[in-house]
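Note sheet for the following structure.
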There are 4 protein chains.
Amino acid sequence: MSPDQTPASSRRLKLGMVGGGQGAFIGAVHRIAARIDDRYELVAGALSSNPERARASGTELFLAPDRCYDDFHRMAAAEAARPDGIDAVAIVTPNHLHHPAAKAFLEAGIHVICDKPLVHTVAEAEELAALVHSRGLVFVLTHNYSGYPMIRQARAMAAAGLLGRIRVVQAEYAQDWLATDLEASGNKQASWRTDPAQSGIAGCIGDIGTHAFHLAEFVTGLRCTDLAADLTAFVPGRRLDDNAHIMMRFDGGARGMLWASQVSPGTTNGLRLRVFGEAGGLEWQQEQPNELRFTPLGEPTRTLLRAGAGSLPAASGISRTPAGHPEGYLEGFAQIYRDAADRIAASIDGRPAPADVPLPTVEDGVRGVRFIHGAVESSRRDAAWVSLAG
Amino acid sequence: MSPDQTPASSRRLKLGMVGGGQGAFIGAVHRIAARIDDRYELVAGALSSNPERARASGTELFLAPDRCYDDFHRMAAAEAARPDGIDAVAIVTPNHLHHPAAKAFLEAGIHVICDKPLVHTVAEAEELAALVHSRGLVFVLTHNYSGYPMIRQARAMAAAGLLGRIRVVQAEYAQDWLATDLEASGNKQASWRTDPAQSGIAGCIGDIGTHAFHLAEFVTGLRCTDLAADLTAFVPGRRLDDNAHIMMRFDGGARGMLWASQVSPGTTNGLRLRVFGEAGGLEWQQEQPNELRFTPLGEPTRTLLRAGAGSLPAASGISRTPAGHPEGYLEGFAQIYRDAADRIAASIDGRPAPADVPLPTVEDGVRGVRFIHGAVESSRRDAAWVSLAG
Amino acid sequence: MSPDQTPASSRRLKLGMVGGGQGAFIGAVHRIAARIDDRYELVAGALSSNPERARASGTELFLAPDRCYDDFHRMAAAEAARPDGIDAVAIVTPNHLHHPAAKAFLEAGIHVICDKPLVHTVAEAEELAALVHSRGLVFVLTHNYSGYPMIRQARAMAAAGLLGRIRVVQAEYAQDWLATDLEASGNKQASWRTDPAQSGIAGCIGDIGTHAFHLAEFVTGLRCTDLAADLTAFVPGRRLDDNAHIMMRFDGGARGMLWASQVSPGTTNGLRLRVFGEAGGLEWQQEQPNELRFTPLGEPTRTLLRAGAGSLPAASGISRTPAGHPEGYLEGFAQIYRDAADRIAASIDGRPAPADVPLPTVEDGVRGVRFIHGAVESSRRDAAWVSLAG
Amino acid sequence: MSPDQTPASSRRLKLGMVGGGQGAFIGAVHRIAARIDDRYELVAGALSSNPERARASGTELFLAPDRCYDDFHRMAAAEAARPDGIDAVAIVTPNHLHHPAAKAFLEAGIHVICDKPLVHTVAEAEELAALVHSRGLVFVLTHNYSGYPMIRQARAMAAAGLLGRIRVVQAEYAQDWLATDLEASGNKQASWRTDPAQSGIAGCIGDIGTHAFHLAEFVTGLRCTDLAADLTAFVPGRRLDDNAHIMMRFDGGARGMLWASQVSPGTTNGLRLRVFGEAGGLEWQQEQPNELRFTPLGEPTRTLLRAGAGSLPAASGISRTPAGHPEGYLEGFAQIYRDAADRIAASIDGRPAPADVPLPTVEDGVRGVRFIHGAVESSRRDAAWVSLAG
């Protein structure tokens with residue numbers, strides 16, 4: 001059966017990957033996420049720029065030897081030329097390679113799924129966005145936390161007016177794994193994240209702050225218009241921020257705070273969002289992602305469970321297991337891949353993109369880069385207000 | 001590359017499935033579990049006894065038409081005869097088909113992964129156990145909750161003596177989805193579970209009580225020697241128990257209680273285990289599976305996180321994500337499949353089975369059937385003590 | 001102002017105390033409980049049988065020297081004879097003195113507030129009950145946990161039918177402070193509680209099991225008709241039970257389990273009650289007493305807060321602080337004293353007792369002693385069912 | 001027995017009260033707090049400026065008629081003149097009366113216990129502080145949350161260096177009771193708190209933000225040197241802030257955020273403090289005040305229980321009940337009164353003040369007023385940094 005003749009929606013999409021070789025973290029996560037709903041098969045990769053590691057990594061993943069590349073430019077060209085070439089590529093490298101890699105595949109006419117933050121500069125981000133639009137390709141940014149069913153539920157509840165006009169947004173994302181200079185020990189994950197050459201101008205706010213920022217806008221449907229930021233690098237010798245305090249103002253008058261930290265002992269992967277409106281409040285914590293606490297003003301707090309009573313289609317419609325059977329980080333990530341598959345298949349098949357699927361795209365990437373640069377600029381100006389308008 | 005020449009440990013295992021067609025619940029779970037770690041490819045199925053549904057279900061799963069069967073006997077024979085036949089079969093039907101299906105595949109020389117409870121009677125269970133041994137095949141029972149890393153951690157801690165001699169075991173598994181006569185409404189999941197012909201002599205204690213019982217023995221390393229049970233069918237007209245109160249005695253003098261219920265509003269999938277020894281206590285709840293509370297006697301309670309500080313190799317070694325990135329039900333289930341793959345591949349390759357992998361087998365299935373029959377007998381005798389000795 | 005002329009409801013009641021001298025635990029609790037709502041003044045005491053300690057203890061409590069007794073018989077006689085004698089006495093000794101002390105004061109015509117369990121034997125209990133009735137006196141048993149507002153709320157919700165017909169009751173009370181033979185170290189609290197001469201035939205089930213049993217009946221409004229108990233003394237050399245597993249049957253068909261333990265590391269004062277009916281379920285934990293989780297069948301769980309939204313008059317009417325300002329153990333205990341004051345003052349003033357105040361009385365004491373003896377008898381008969389009918 | 005001859009440390013202190021008549025909230029709290037440890041007897045009051053209500057309120061509290069005043073100036077004079085006059089006065093009025101009342105009693109030579117915030121302006125605050133010092137009197141400000149044992153524990157742990165050098169402080173205090181214009185309905189508590197004439201220049205930050213600010217400094221031992229504040233009045237027509245976002249900088253380089261809100265549905269009395277240092281982190285929530293979560297960097301989180309394992313003398317030494325028997329808001333408040341009694345009695349008896357008792361004083365009041373004014377000024381200047389230096 002030739003993929004040419006089978007509609008893309010009726011077959012597995014052919015996926016390539018850039019980055020994610022042996023020793024990497026997020027690449028393995030992307031691969032599991034791509035497998036969970038069985039919408040992809042991984043068939044090619046530039047898993048490492050080291051030829052040996054590229055090949056060894058590919059063999060472990062059952063890739064054919066001729067599709068184990070050690071250069072993503074070559075991979076983009078070769079795959080674009082094959083009749084059975086990849087439909088889409090997942091870019092899972094450190095940040096500094098997002099831009100060249102994404103550009104290479106977009107120019108080769110290949111759909112892109114890219115890790116966040118998008119790129120280092122607003123100019124690069126806008127360049128990619130323009131490229132995506134001019135080529136008519138799908139570009140998905142893996143703000144994976146927006147794939148959690150109860151985050152989709154929260155967004156749907158806000159959109160349905162269950163909170164009333166929103167007044168206060170409290171977002172935080174706290175970790176402790178960089179409380180010491182782990183980068184000095186040779187830890188690979190720590191090293192690139194604290195290296196401006198690979199990570200860009202931001203440390204903690206790029207790595208995790210962007211997730212919190214994205215969720216805040218994603219759930220509320222509001223846009224942050226201005227922010228005032230106080231960034232710190234607490235660990236001696238560290239060149240990028242490892243703690244950020246940010247005040248935010250949203251269109252419509254809502255106010256918010258955002259705390260991101262990688263130096264706070266006792267926090268692990270503490271992404272938490274609280275939204276308060278005139279009519280009700282919501283609270284969600286990533287470490288217990290199947291629950292959403294909802295309080296209509298003047299009533300007792302309800303604990304809504306994913307796929308349980310009170311679960312809206314936005315959440316139950318994307319649940320793989322019944323309430324009480326916890327889904328986790330990988331399933332949330334898989335949702336991004338599932339939604340991406342729908343969109344990519346539609347594009348390939350010449351159908352319109354599915355409606356009402358709130359998938360993070362290159363525009364969210366542009367926005368995230370704006371957030372990073374706005375926060376850094378504000379902090380340099382002693383926490384003056386900086387506009388995020390485009 | 002021929003699978004005949006590649007060691008099974010270096011390729012994906014070829015998996016078949018019995019049951020799990022359109023409309024089923026647990027079949028989809030098994031399939032995701034098999035995919036997560038990429039150790040299997042699903043290539044054949046008797047997904048339904050209805051030929052049309054069998055074929056339609058198979059097409060959805062990308063099965064080749066000639067490997068979509070509507071009869072598991074025929075499937076066992078045909079797959080055993082193919083050079084590229086399946087390595088293993090997953091049996092995910094209602095309980096009453098476990099015995100004939102397992103028997104058919106074992107007799108065809110095919111490894112079996114089977115849902116629980118094993119079969120209806122102790123005699124059937126022992127027949128399967130004998131067959132497994134005489135054929136030298138792998139038989140895995142999907143007591144999936146034992147695949148959770150923090151359950152493995154709890155078992156390792158108990159085995160390492162961190163609790164001291166164990167005194168008290170509190171196991172419970174409470175749900176509320178059968179609080180009304182849902183079976184009367186035509187709900188498929190409710191119907192077969194409350195039908196003695198399909199479910200056997202037990203309702204709630206077979207469906208979920210066996211999980212709690214298995215975990216209690218699995219974590220403590222103790223054997224329950226005697227039990228006294230008070231079973232109830234609260235919903236009018238229901239023929240099988242929907243609530244069970246059980247007192248237990250273990251070898252070595254420990255005592256326990258087990259509560260299983262499907263009629264308790266506000267509980268969802270409330271599997272919970274607490275173990276108390278002379279030197280410390282443990283608490284684990286399935287709905288927050290990444291945490292394990294551990295209290296050395298006289299010290300503050302520690303919350304151990306999967307893959308976090310204090311995580312033993314038994315847990316961190318099988319984690320797919322770092323601490324704070326929650327794994328859930330599907331990953332726990334996937335662990336059973338990953339461990340099964342190791343064991344099946346070793347068997348195919350003629351290597352010894354991996355040591356120290358606590359995978360539930362046909363013996364656990366025998367034990368579960370003994371538990372069910374013991375509880376039913378005790379309850380019929382007004383909660384008299386019944387021995388579980390074999 | 002003479003107390004003779006002021007209605008008792010418009011003055012502080014004059015309180016005496018038996019037990020509770022220096023080094024005691026529960027006596028101080030009773031005194032704080034009596035002070036919180038300012039309905040009593042402590043004016044006399046037989047705080048110790050040791051004359052010196054009796055006097056020193058009294059001085060600390062601002063008692064007049066002539067009202068510091070070292071013999072409760074003498075105290076009963078003397079106070080009954082004084083024009084300004086005590087209105088009521090609080091008995092806070094170890095268990096074995098409850099009977100003679102209560103008898104002495106009742107015979108002297110003095111109202112009694114007594115700690116639990118009431119007495120050692122059913123015969124003693126019934127004797128006291130008869131005395132209370134023949135004398136027309138108030139007798140309050142300090143099952144203090146029934147004074148928590150959210151326990152009153154739970155009772156009111158059950159009575160109002162919000163749970164529907166009750167099916168399942170899960171009660172537990174777990175501690176760990178007796179996990180070692182603390183009594184051997186001279187710890188006073190441990191010593192008398194594990195000494196049959198002072199504690200009676202029961203250890204753990206008398207000390208804490210009676211509280212769980214009382215709450216189960218108090219909240220549900222049901223009576224436990226039969227129980228089957230498996231009691232254990234885990235600590236070597238201990239003569240009384242330190243762990244108890246009990247199955248219960250209630251009138252109306254509900255079933256229950258009760259676990260009481262003082263040897264379970266990681267539990268502290270873990271009194272917990274869960275009640276499940278046809279229409280809804282409730283969960284309450286003593287260590288977070290201001291919350292009550294309520295789930296109407298098929299709806300999300302609500303967390304009801306004391307004095308918060310959804311709080312019934314039964315709870316908000318007896319709250320001293322607004323929601324979110326936690327009340328604790330002492331306030332729950334104080335509620336018993338406040339309700340007792342209303343009842344005692346009504347008795348003194350010749351008014352009818354306040355209606356609808358669910359204060360534990362001598363009858364609850366009789367019931368508790370029946371529970372203890374039933375459990376011990378059942379356990380001796382290898383957990384045979386024993387009736388609790390009077 | 002004449003109070004003149006008995007050392008103050010061996011008798012109950014004679015307490016007066018200004019404010020707290022019928023219908024008030026915090027006055028009743030102060031009275032219970034004063035009673036719990038039996039160190040005071042309430043003997044006089046200017047409970048209301050309305051003569052009738054003053055007398056009726058006094059009668060309810062068993063005050064002698066001649067000590068029920070309707071004017072606090074007259075009360076100060078009269079009590080100072082009596083041989084059995086009050087030792088101390090509790091001032092529990094709305095904020096605007098704190099200054100004149102405190103001044104009147106201090107000038108009469110009477111010790112003062114005053115509710116917070118201290119006064120309206122920094123000048124008034126400094127005037128009172130000077131008066132306290134010149135008269136050598138005790139002045140206690142009821143920042144009651146600092147009386148919670150686990151807050152004292154947190155402070156002791158920070159002081160002992162268990163957190164290492166502190167980097168990040170997260171303080172929040174969120175409520176929802178003013179989410180609507182409750183003041184328009186005539187609610188007395190809402191009315192004065194939202195009225196600049198009675199409440200001063202601040203709403204939410206004065207009423208609750210000062211508590212969070214005080215705790216942040218109290219626990220860390222650091223001083224906030226600068227803050228940037230974004231205050232909002234969300235409820236239409238409200239004249240004072242009902243939500244505040246504040247960034248803070250501390251001496252030594254620590255950074256912090258403070259969120260105070262009275263318009264956030266689902267929060268009740270959500271005072272929460274998190275402190276993170278180089279060596280460990282702490283988390284405490286007022287609604288579960290008996291717990292303190294402590295994480296030494298790189299180790300599992302411990303849940304420390306008041307009076308439980310790991311409890312320092314700072315906490316266990318002031319506990320009234322064992323671990324697991326929850327103390328609450330009233331006991332925390334009572335601790336302030338108990339510590340105040342020690343200090344006042346020492347002053348009366350001419351002994352030095354007890355060492356190491358971290359009681360909030362007039363200086364904390366000055367600091368709190370500085371915080372309020374700093375936040376308001378910063379917010380008026382679009383969240384510019386404002387120094388809190390004195």
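Given the structure is predicted, the values throughout are model-derived calculations rather than measurements. Labels below follow one simple rule: chain letters A, B, ... track the order of the sequence lines, proteins then strands, and each chain is numbered from 1. When reading the values below, keep in mind they use all heavy atoms of this one structure, side chains included, and skip hydrogens, waters and symmetry mates.
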Exercise for review: Can you tell which part of C:Val275 gets under 4.5 Å to a heavy atom of chain B, answering side chain, backbone, both or neither?
Suggested key: neither
Exercise for review: Check whether C:Leu258 gets within reach of chain B through its side chain, its backbone, both or neither, counting any heavy atom under 4.5 Å.
Suggested key: backbone
Give the atom names and distances for all donor-acceptor pairs closer than 3.5 Å across chain C and chain B.
{"unit_1": "C:Arg167", "atom_1": "NH1", "unit_2": "B:Ala179", "atom_2": "O", "d": "3.0"}
{"unit_1": "C:Gln170", "atom_1": "NE2", "unit_2": "B:His245", "atom_2": "NE2", "d": "3.2"}
{"unit_1": "C:Glu172", "atom_1": "OE1", "unit_2": "B:Arg274", "atom_2": "NH2", "d": "2.9"}
{"unit_1": "C:Glu172", "atom_1": "OE2", "unit_2": "B:Arg274", "atom_2": "NH1", "d": "2.7"}
{"unit_1": "C:Glu172", "atom_1": "OE2", "unit_2": "B:Arg274", "atom_2": "NH2", "d": "3.4"}
{"unit_1": "C:Ala179", "atom_1": "O", "unit_2": "B:Arg167", "atom_2": "NH1", "d": "3.0"}
{"unit_1": "C:Asp230", "atom_1": "OD1", "unit_2": "B:Arg249", "atom_2": "NH2", "d": "2.7"}
{"unit_1": "C:Asp230", "atom_1": "OD1", "unit_2": "B:Arg255", "atom_2": "NH1", "d": "2.7"}
{"unit_1": "C:Asp230", "atom_1": "OD2", "unit_2": "B:Arg249", "atom_2": "NE", "d": "3.4"}
{"unit_1": "C:Asp230", "atom_1": "OD2", "unit_2": "B:Arg255", "atom_2": "NH1", "d": "2.9"}
{"unit_1": "C:His245", "atom_1": "ND1", "unit_2": "B:Gly256", "atom_2": "O", "d": "3.3"}
{"unit_1": "C:His245", "atom_1": "NE2", "unit_2": "B:Gln170", "atom_2": "NE2", "d": "3.2"}
{"unit_1": "C:Arg249", "atom_1": "NE", "unit_2": "B:Asp230", "atom_2": "OD2", "d": "3.4"}
{"unit_1": "C:Arg249", "atom_1": "NH1", "unit_2": "B:Asp382", "atom_2": "OD1", "d": "3.0"}
{"unit_1": "C:Arg249", "atom_1": "NH2", "unit_2": "B:Asp230", "atom_2": "OD1", "d": "2.7"}
{"unit_1": "C:Arg249", "atom_1": "NH2", "unit_2": "B:Asp382", "atom_2": "OD1", "d": "3.1"}
{"unit_1": "C:Arg255", "atom_1": "NH1", "unit_2": "B:Asp230", "atom_2": "OD1", "d": "2.7"}
{"unit_1": "C:Arg255", "atom_1": "NH1", "unit_2": "B:Asp230", "atom_2": "OD2", "d": "2.9"}
{"unit_1": "C:Gly256", "atom_1": "O", "unit_2": "B:His245", "atom_2": "ND1", "d": "3.4"}
{"unit_1": "C:Arg274", "atom_1": "NH1", "unit_2": "B:Glu172", "atom_2": "OE2", "d": "2.7"}
{"unit_1": "C:Arg274", "atom_1": "NH2", "unit_2": "B:Glu172", "atom_2": "OE1", "d": "2.9"}
{"unit_1": "C:Arg274", "atom_1": "NH2", "unit_2": "B:Glu172", "atom_2": "OE2", "d": "3.4"}
{"unit_1": "C:Asp382", "atom_1": "O", "unit_2": "B:Trp385", "atom_2": "NE1", "d": "2.9"}
{"unit_1": "C:Asp382", "atom_1": "OD1", "unit_2": "B:Arg249", "atom_2": "NH1", "d": "3.0"}
{"unit_1": "C:Asp382", "atom_1": "OD1", "unit_2": "B:Arg249", "atom_2": "NH2", "d": "3.0"}
{"unit_1": "C:Asp382", "atom_1": "OD1", "unit_2": "B:Trp385", "atom_2": "NE1", "d": "3.4"}
{"unit_1": "C:Trp385", "atom_1": "NE1", "unit_2": "B:Asp382", "atom_2": "O", "d": "2.9"}
{"unit_1": "C:Trp385", "atom_1": "NE1", "unit_2": "B:Asp382", "atom_2": "OD1", "d": "3.4"}

**Study point:** Under 4.5 Å from any heavy atom of chain C - which part of B:Ile246
**Key:** backbone
Point to revise | Closest non-hydrogen atom pair between B:Ala383 and C:Met247, with its separation | key: CB-CE, 3.8 Å
Check your understanding: Among B:Ala279, B:Gly298, B:Gly266, which residue forms the greatest number of heavy-atom pairs with chain C at distances under 4.5 Å?
Key -> B:Gly266
Practice item. Indicate the atoms forming the closest heavy-atom contact of B:Gly277 with C:Pro265, along with that distance. Key: O-CG, 3.3 Å
